[in-house]
Amino acid sequence: MSRVGVIVLALAAVLAVASAEGYDGYKIFEILPKTQEQNDFLYELSKMSEFYDFFALRRQPNHLARVMVNPNEEENFLNALAEHNLSYSIVNDNVGRSVEQEFQLNKLRRSLSPFTGKGRLSTERYYSHGEINNYIEDLEQRFPSRVSLKTVGKSFEGRNIKTITISNGDGRAGKNVIFIDGGFHAREWISPAAVLYVIGQLVENFEENAELLLDYDFMILPVVNPDGYEYTQTSTKARFWRKTRQPYESAGKTCYGADPNRNFDFHWNEEGASSNPCADTFAGPYGFSEPETIIVRDLINSLKGRGSMYLTVHSYGNYLLYPWGWTADLPDTWEDLHEVAMSGYNAIFNATGTEYTVGSSTNVLYIAAGASDDYAFNAGFKIAMTMELPGGGKLGFDPPASSIDTMVKETWAGIRAMAEKVIEKYPTERVEFL
Ligand code: 0X9
Ligand code: ZN
């Protein structure tokens with residue numbers, strides 16, 4: 001039987017046996033707030049994170065909001081929507097079942113495309129943190145003159161966090177650097193997948209991309225939050241986990257993790273973050289309370305003077321966001337940020353027709369302080385950008401494995417174009433030795 005045939009048969013079996021668990025009874029709703037009052041009401045709901053998980057909610061009305069609702073709250077939720085004259089549609093009426101099906105399918109994909117720890121990675125499935133580390137270690141073995149790995153620290157649970165630095169192997173030190181990271185938020189699986197594809201292009205497809213590496217190096221950290229990432233990949237009950245995994249006590253109860261993208265000590269916990277350890281946007285007890293954010297901070301600081309672009313890849317919602325995220329004010333150089341973002345926008349639109357929204361985080365999405373992009377920009381990176389890749393699948397965070405390939409390729413088109421623009425705008429100064 002063909003490979004596709006095997007997948008189709010197995011898919012039918014999975015759909016038949018999948019049982020709901022963990023997110024049993026949870027539903028995902030889509031709502032269109034038409035007034036600022038309606039929007040503000042949804043924003044208030046979003047603070048009740050034990051009941052509501054907003055995957056999409058913007059600062060301004062007239063954009064579709066998406067929220068996953070705890071079944072114990074559903075009745076209150078529907079009543080409150082009615083009170084506020086908000087209509088809704090249900091986009092997923094059994095999240096538990098969808099998660100179960102997704103896990104079964106991933107298991108199948110793993111057995112159909114195993115990774116031996118050597119050679120190329122396919123775009124046919126999502127990889128574990130261990131596999132990702134194996135892959136970049138193997139790249140260092142295979143391309144020692146162009147690739148160097150560094151273990152930059154350990155996650156809270158003790159996983160090795162590694163950067164891969166990619167050059168053209170000419171031995172020239174002091175080139176400007178583009179720093180890219182992925183996997184900040186555990187559930188955003190497409191992010192490490194996209195970052196891995198970038199690594200593959202720069203290393204294994206070097207000839208085609210040599211121009212990018214002539215005067216520039218790339219430093220890449222594929223999974224910032226490996227504890228959270230592994231948690232979402234190994235437990236159906238944790239598919240929507242977002243944060244790190246360090247425990248915190250709150251009113252006699254233990255809650256886990258801080259939102260790594262609220263934990264940077266720059267306007268820390270001022271806006272759009274929570275002081276409640278059980279909330280999804282918990283800023284941490286203080287800035288840089290998490291080993292994972294300390295690692296990113298130190299990398300950013302180590303690139304002072306050479307860091308041209310900091311790009312952090314998240315999902316979902318199709319946004320190219322630039323500073324600031326802590327205030328609605330725009331930075332003095334916002335036109336440069338916009339120009340770079342637009343080069344990404346155009347490249348993606350031309351490649352596939354996919355559209356992104358471009359603008360400052362606070363103005364086009366929502367205010368949220370303590371994020372890595374603002375920190376990097378303040379630390380001197382000329383360009384800092386958060387790229388929110390498109391959603392997909394029944395959960396939003398689960399583009400089916402069959403669409404990973406298309407998504408990471410279009411993302412690469414955008415990243416490549418932004419890198420070209422940055423390299424043109426901020427050339428590495430050539431030191432001539434006479
Ligand atoms: O809220 C976030 O951390 C990011 N969105 S996500 O859905 N992936 O969680 C957006 C961060 C934008 N940047 C700043 N607010 N500085
Ligand atoms: Zn994110």
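Counting starts at 1 for both ligands and their atoms, in listed order.
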Practice prompt. Apply side chain to side chain contact (heavy atoms under 4.5 Å, CB included) to the pair Asn133 and His129, showing each step before the final yes or no.
Written response: CA-CA 6 Å; Asn133 273 354; His129 179 246; 3.3 Å; yes

Item to complete: Give a yes or no on whether a salt bridge exists between Asp336 and Lys425, defined as a side-chain N under 4.0 angstrom from a carboxylate O.
Response: yes

Fill in: Distance filter under 4.0 Å to Asp374 heavy atoms, resulting ligand 1 atoms
16 (N)

Discussion item. With no hydrogens and no angle check, just 3.5 Å: does a side-chain donor-acceptor pair link Asn363 and Tyr322?
Written reply: no

Fill in: For Arg66, all residues meeting salt bridge (charged side-chain N to carboxylate O under 4.0 Å, His left out), sequence neighbours excluded
Glu30

Worksheet item: How about Asn70 and Tyr26: does a side-chain donor come under 3.5 Å of a side-chain acceptor?
Response: yes

Worksheet entry | Where at least one partner belongs to residues 340-361, residue pairs that pass ring-ring contact (aromatic ring centres under 6.0 Å, His included), sequence neighbours excluded | none

Discussion item. When you measure from the heavy atoms of Tyr366 to every atom of ligand 1, does any distance fall below 4.0 Å?
Written reply: yes

Worksheet entry | Exercise: do Asp181 and Tyr310 side chains pair donor with acceptor under 3.5 Å | yes

Worksheet item: In terms of atom number and element, which parts of ligand 1 are under 4.0 angstrom from non-hydrogen atoms of Ala368?
Response: 14 (C), 15 (N), 16 (N)

Worksheet item: What is the closest protein heavy atom to atom 11 (C) of ligand 1, and at what distance does it sit?
Response: Asn261 ND2, 3.6 Å

Worksheet item: How long is the gap from CG on Leu311 to CE on Met385, to the nearest 0.5 Å?
Response: 7.0 Å

Worksheet item: Distance only, no hydrogens: is a donor on one side chain within 3.5 Å (strictly under) of an acceptor on the other, for Ser275 and Asn269?
Response: yes

Worksheet, complete the sentence: In this structure, atom 9 (O) of ligand 1 is nearest to the protein heavy atom Arg242 NH1, 2.6 Å

Worksheet item: Where the closest heavy atom to atom 16 (N) of ligand 1 is concerned, which of Thr327, Leu57, Asp373, Asp280 has it?
Response: Asp373

Worksheet entry | Side-chain donor-acceptor pair present, His185, Asp259, cut-off under 3.5 Å | yes

Practice prompt. At a cut-off of 2.8 Å, list the protein N/O/S atoms near the Zn ion (ligand 2), residue plus atom name.
Written response: His185 ND1, Glu188 OE1, Glu188 OE2, His314 ND1

Item to complete: Just let me know how Ser315 lines up against ligand 1, side chain, backbone, both or neither, with a heavy-atom cut-off below 4.0 Å.
Response: backbone

Worksheet item: Which atoms of ligand 1 sit under 4.0 Å from any heavy atom of Ala371?
Response: 14 (C), 16 (N)

Discussion item. Checking Glu137 now: which residues fulfil salt bridge (charged side-chain N to carboxylate O under 4.0 Å, His left out) with it, not counting sequence neighbours?
Written reply: Lys162

Worksheet item: Where's the contact between Ser361 and ligand 1, heavy-atom distance under 4.0 Å: side chain, backbone, both or neither?
Response: side chain

Worksheet item: For ligand 1, which atoms, with element, lie under 4.0 Å from some heavy atom of Glu188?
Response: 6 (S), 8 (N), 9 (O)

Discussion item. With a 4.0 Å cut-off on N to O distance, would you call Arg125 and Glu131 a salt bridge?
Written reply: yes

Practice prompt. Would you mind running through ligand 1 and noting each atom that sits below 4.0 Å from a heavy atom of Gly325?
Written response: 14 (C), 15 (N), 16 (N)

Fill in: Protein residue, atom and distance nearest to atom 10 (C) of ligand 1, heavy-atom basis
Glu388 OE2, 3.3 Å

Discussion item. Going by the closest heavy atom to atom 2 (C) of ligand 1, which one wins out of His314, Arg262, Arg187?
Written reply: Arg262

